[in-house]
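Each chain gets a letter, A, B and so on, in the order the sequences are listed, and its residues count up from 1. This one's a predicted model, so the numbers in the text were calculated from it and none came from an experiment.
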Amino acid sequence: MSEQMSNIPDKPSLDGIEERWMQRWEADDTYRFDRTASRDEVFAIDTPPPTASGSLHIGHVFSYTHTDTIARFQRMRGKTVFYPIGWDDNGLATERRVQNVTGVRCDPTLPFDPDFVAPYNGDVPRDHRAVPVSRPNFVSLCHGVIHDDEEVFEQLVRRLGISIDWSLLYTTIGERAQRTSQLAFLHNLERGEAYQQDAPTLYDIDERTAVAQAEMEDREVPGAYHKLVFHRSDGEGDLTIDTTRPELLASCVAMVAHPEDARYKPLFGTTVRTPLFEVEVPVLAHHLADPEKGTGIAMICTFGDTTDVTWWRELNLPSRALIGFDGRMAADIPDWVTTPGGHEAYAQVAGLAPKQAQRKIVELLQASGEMLGEARPISHPVKFYERGSRPLEIVATRQWYIRNGGRDDDLRNALLKRGEQLNWHPAYMQNRYQNWVGGLNGDWLISRQRYFGVPIPLWYRLDDEGNPLYDEILTPDHARLPIDPSTSFPTGFTEDQRGKPGGFIGDPDVMDTWATSSLTPHIAGGWVDDPDLFARVFPMDMRPQGHDIIRTWLFGSVVRSHHEHGCLPWTDAAISGWILDPDRKKMSKSKGNVVTPINLLEDFGTDAVRYWAASGRPGVDTAFDEGQMKIGRKLGTKLLNVSKFVLGFDGPPADVVPAAPLDRAMLARLADVINEATRALEEFDYARALERTEAFFWWFCDDYVELVKGRAYGTQGDDAARSARAALRQSLDVVLRLFAPYLPFVTEEVWGWWREGSVHAASWPEPAELPATGDATWLVPVSEVLAAVRRAKTEAKLSQRATVDELIVDGPRAALAAVEGCRTDLAEAGGISQFTLSEANALVTVVRLTPSTDVIPAQ
RNA sequence: GGGCGCAUAGCUCAGUUGGUUAGAGCACCGCCCUUACAAGGCGGGUGUCGGGGGUUCGAGUCCCUCUGCGCCCACCA
């Protein structure tokens with residue numbers, strides 16, 4: 001036995017290896033990016049920054065592992081890997097969390113209170129009324145909470161063995177991110193890609209902010225059709241319509257039917273009077289009106305839904321909006337309601353929330369006989385903000401937009417082309433991009449009426465009455481960024497001119513969180529402050545992410561890079577699937593079925609959890625499966641044990657080349673595996689590479705090691721032993737490196753027994769390292785014969801150590817040559833006394849055992 | 001209504017340009033303490049490859065069609 005045995009524990013164990021190697025990698029800067037490398041030596045990854053206010057869940061473990069396998073592969077191939085991470089801590093998610101944890105809410109009208117202390121830190125009682133605080137106080141609380149969250153995140157990501165370069169850590173609320181986001185916005189503004197517009201906007205009345213198309217979702221909610229009676233102005237009768245939103249009746253600006261609808265054709269151009277409010281509105285024609293729906297004629301309100309907006313715009317209708325930012329009916333009687341009856345009706349709904357207003361209106365309509373029958377309940381899809389709890393309203397507001405092709409076919413086509421240029425893994429994910437871009441119906445709304453975000457870096461002049469002149473935009477010098485326009489003032493003004501006639505005001509809004517995270521390559525790459533670094537990493541190589549945020553993060557990033565650089569931000573997008581729970585439902589926090597990752601890592605070990613994650617095919621939703629983790633655990637243990645066996649022999653001299661045909665055949669098979677794994681990983685198919693490596697490894701342990709065991713111990717002489725020992729070491733060396741991207745801890749552990757440095761800094765194996773003359777096909781009949789012997793003993797209920805009196809192998813010449821070539825190894829592994837080989841068409845093995853009669857195993 | 005994906009053993013899934021009797025692991029059962037490994041080893045059964053049609057010498061694989069499930073988008077009177 002070798003002197004190296006001293007390095008190898010008697011009982012190798014997986015316990016505690018994470019802690020040991022995490023520390024070593026940190027101390028040795030194993031994953032440090034080499035910023036002197038030129039662009040072609042770099043592999044740059046645009047890692048998704050997890051939302052700091054959430055919690056890391058099993059889905060993160062899944063997708064971060066996928067990325068890490070690619071990162072480790074590329075590093076071993078000789079690239080210096082630019083592998084940053086960031087925390088996405090700006091935005092509404094953080095504000096929510098802070099409200100929940102501290103029991104406050106932001107009221108931007110309040111002054112800063114330097115002595116303010118939040119009422120809670122943790123569990124806020126249910127009946128607690130949120131304490132209003134100033135914006136600076138609120139922002140400061142946000143910073144405190146995210147700091148704590150981010151510590152926890154970092155620990156988990158380290159524990160997962162993700163080969164991040166922690167010196168590159170960024171946050172999306174950090175100064176560099178703010179500078180990046182504001183500078184990119186100002187560039188967009190200068191080039192005309194950003195613009196403001198006062199227009200109907202989907203608006204969340206609870207969060208009091210506008211939201212973008214990409215953040216909306218449909219939810220099926222209960223509603224009801226109400227049949228309302230409108231009176232023809234010529235007194236010739238009534239018109240009835242069906243509506244789900246009778247509360248908007250006072251906002252009705254017109255009636256609309258399909259131009260070819262014979263029922264209503266004669267009425268086009270006439271007017272009707274609305275019930276209750278007695279407002280005269282025209283009857284108009286538009287092709288979007290569906291004769292099949294309801295009574296075939298609809299009331300247009302400003303604004304009940306997006307179709308109303310379309311009609312309003314295309315039919316040049318007046319705006320009679322009544323629902324304001326607070327989500328309530330306007331308090332004052334609108335001036336288009338002119339009759340005493342109308343006034344009386346409106347007075348009863350003024351100031352009400354939509355639901356209450358609806359109840360009241362229905363009451364009034366029923367009393368006046370202008371609603372026919374009862375409301376008919378239905379279930380219908382309604383637009384919600386994805387984080388919201390009440391339906392979105394449409395409110396006319398001034399907002400900032402970035403052009404994304406939603407209103408411009410040339411830009412849309414250019415962005416569709418970018419989608420084609422991007423290499424998608426798996427390829428079909430491109431459809432989601434094309435589908436989304438093709439279906440955009442407006443530009444990207446980026447302004448949010450929120451607080452914890454990157455401020456829109458603009459001021460507006462005030463006229464002599466003190467009213468904002470939104471067309472007179474005051475921009476900061478780029479060198480001043482980042483700025484907060486509420487605390488800094490524009491060049492040429494003084495702070496005391498804020499809010500004064502002839503002075504200025506700052507834009508009160510912040511940017512959508514996606515408007516900043518769409519610049520993660522720029523933030524991580526130092527676009528604003530480290531052009532040397534940026535030139536070495538941009539455009540990046542890989543964007544890993546989930547398919548659910550193709551429309552937001554991926555598309556937003558493509559838009560920004562297209563505007564700013566006229567290119568894609570990366571060449572390849574690797575899309576991970578979701579984790580489903582065993583019932584095949586998407587795992588989500590709200591469903592309460594999320595498994596805590598830290599427990600898994602402790603129960604199974606990091607490598608085992610990574611093994612499960614890496615078994616999930618790229619892009620494919622994968623069921624959470626502890627069984628898979630058990631297999632990963634077994635694999636790690638096996639690796640330890642077989643390594644102990646292989647390294648237990650003295651290492652043969654370095655120049656020994658395995659000579660035995662069996663050894664060379666095994667190495668030839670391994671060379672094939674290297675080729676397959678390399679090809680797969682180049683295509684971002686980590687799962688295939690793992691599968692091939694693993695299949696080889698189990699065959700290696702079960703058959704090859706058993707066959708050569710005796711020879712390695714020296715039963716066939718020194719030369720034969722040297723061949724086996726050299727082959728065992730060479731193959732172990734390769735196998736460890738093939739597994740290293742997946743099982744970073746156990747491979748490093750074993751590597752440390754006999755090699756210098758880290759396996760993760762070693763080079764990716766190449767077939768050229770192995771002797772080229774072996775014939776891998778050779779191994780098939782040998783394994784088959786070995787299996788036949790084992791089967792025969794099992795069926796005879798004998799120990800595997802039982803002696804075979806005679807082994808008779810009939811088969812094709814090539815198979816016989818293979819068996820003959822390693823007959824001594826076979827004889828030792830199978831306890832075979834005598835071989836009889838004869839040529840035949842098919843391979844048939846007969847095993848003669850004592851005391852039983854001949855056993856001819858079923859083939 | 002449009003798009004995409006999925007459907008293979010009881011379960012989770014491989015099956016790469018079409019090619020012999022369709023694979024793995026888990027689970028289950030049996031045998032074995034064999035000196036790397038009993039938290040192990042060896043062996044075993046199980047399939048109308050969702051249905052139907054087509055192309056082909058040959059189809060799990062390609063084409064058409066139907067069914068079921070999932071996701072995305074559109075519709076929202």
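You'll find that the side chain of A:D625 is closest to B:U12, out of B:U12, B:G2, B:C42. The A:T244 side chain lies nearest to B:A77 when the options are B:A77, B:G3, B:C71. Checking B:C26, B:A77, B:C72 against every side-chain atom of A:A289, the shortest atom distance belongs to B:A77. In the set B:A14, B:C26, B:U16, the nucleotide with an atom closest to the side chain of A:K634 is B:C26. Of the listed nucleotides (B:A38, B:A77, B:C75), B:A77 has the atom at the smallest distance from the side chain of A:A298. Counting only heavy atoms from C-beta on, A:K293 has its side chain closest to B:A77 among B:G25, B:A77, B:U16. Of the candidates B:G43, B:A77, B:C71, B:A77 carries the atom nearest the A:D242 side chain, counting heavy atoms from C-beta on. Proximity note for A:I631 (side chain, C-beta onward) versus B:A77, B:C26, B:C37: the nearest is B:C26.
Atom CD in A:E386 sits roughly 15 Å away from atom C1' in B:C71 (whole-Å rounding). Taking atom CG of residue A:D305 and atom C1' of nucleotide B:A74, one finds them 13 Å apart after rounding to whole Å.
Side-chain N/O atoms of A:K638 include one lying less than 4.0 angstrom from OP1 or OP2 on B:G41. Considering only side-chain N and O atoms, A:Q213 lies under 4.0 angstrom from the phosphate OP1 or OP2 of B:A74. Taking side-chain N and O atoms only, A:H380 has a distance below 4.0 Å to OP1 or OP2 of B:A77.
Cation-pi geometry between A:K630 and A:Y611 is not satisfied (NZ or CZ under 6.0 Å from the ring centre, within 45° of the ring normal).
A:E602 pairs by the salt bridge (charged side-chain N to carboxylate O under 4.0 Å, His left out) definition with nothing, not counting sequence neighbours.
Counted by atom type alone, A:S615 and A:E691 present zero donor-acceptor pairs between their side chains at under 3.5 Å.
Positionally, the nearest nucleotide of RNA chain B for A:V620 lies more toward the 5' end than for the other of A:A787 and A:V620.
A donor-acceptor contact under 3.5 Å is formed by the side chain of A:D218 with the base of B:C75.
For B:U8 and B:U55, the C1' atoms lie 23 Å apart once the distance is rounded to whole Å. Rounded to a whole angstrom, the distance from the P atom of B:U12 to that of B:U48 is 16 Å. For the C1' atoms, the distance from B:U16 to B:U35 is 43 Å, rounded to whole Å.
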Which protein N or O atoms sit under 3.5 Å from an N or O of nucleotides 30-32 of chain B?
{"from": "B:G30", "atom 1": "O2'", "to": "A:K797", "atom 2": "NZ", "distance (Å)": "3.3"}

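Within residues 606-615 of chain A, no residue has any heavy atom under 4.0 Å from RNA chain B. Taking every heavy atom of residues 690-708 of chain A and every atom of RNA chain B, pairs under 4.0 Å involve A:E691, A:R692, A:W698, A:C701, A:D702, A:V705, A:E706, by number.
Side-chain rings of A:W578 and A:F62 stay apart, their centers remaining 6.0 Å or farther from each other. Aromatic ring centres of A:W436 and A:Y433 lie farther apart than the 6.0 Å criterion allows.
Contact of the A:W612 side chain with the A:T65 side chain is not registered, since no non-hydrogen atoms from C-beta on lie closer than 4.5 Å. Between A:T307 and A:W312, the closest side-chain pair of non-hydrogen atoms is not below 4.5 Å.
Counting only Watson-Crick or G-U wobble pairs whose defining distances are both under 3.5 Å, the stems of 3 or more consecutive pairs in RNA chain B are B:1-7 with B:67-73, B:10-13 with B:23-26, B:28-32 with B:40-44, B:50-54 with B:62-66.
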Checklist entry - Given the rule in the ring-ring contact (aromatic ring centres under 6.0 Å, His included) test, do A:F739 and A:F697 qualify, once you have shown the distances and angles that lead to the verdict? => result CA-CA 10 Å; A:F739 274 132; A:F697 177 68; 5.5 Å; yes
Solution key, residues 249-256 of chain A side-chain donor-acceptor pairs under 3.5 Å, sequence neighbours excluded:
{"from": "A:S251", "atom 1": "OG", "to": "A:R320", "atom 2": "O", "distance (Å)": "2.9"}

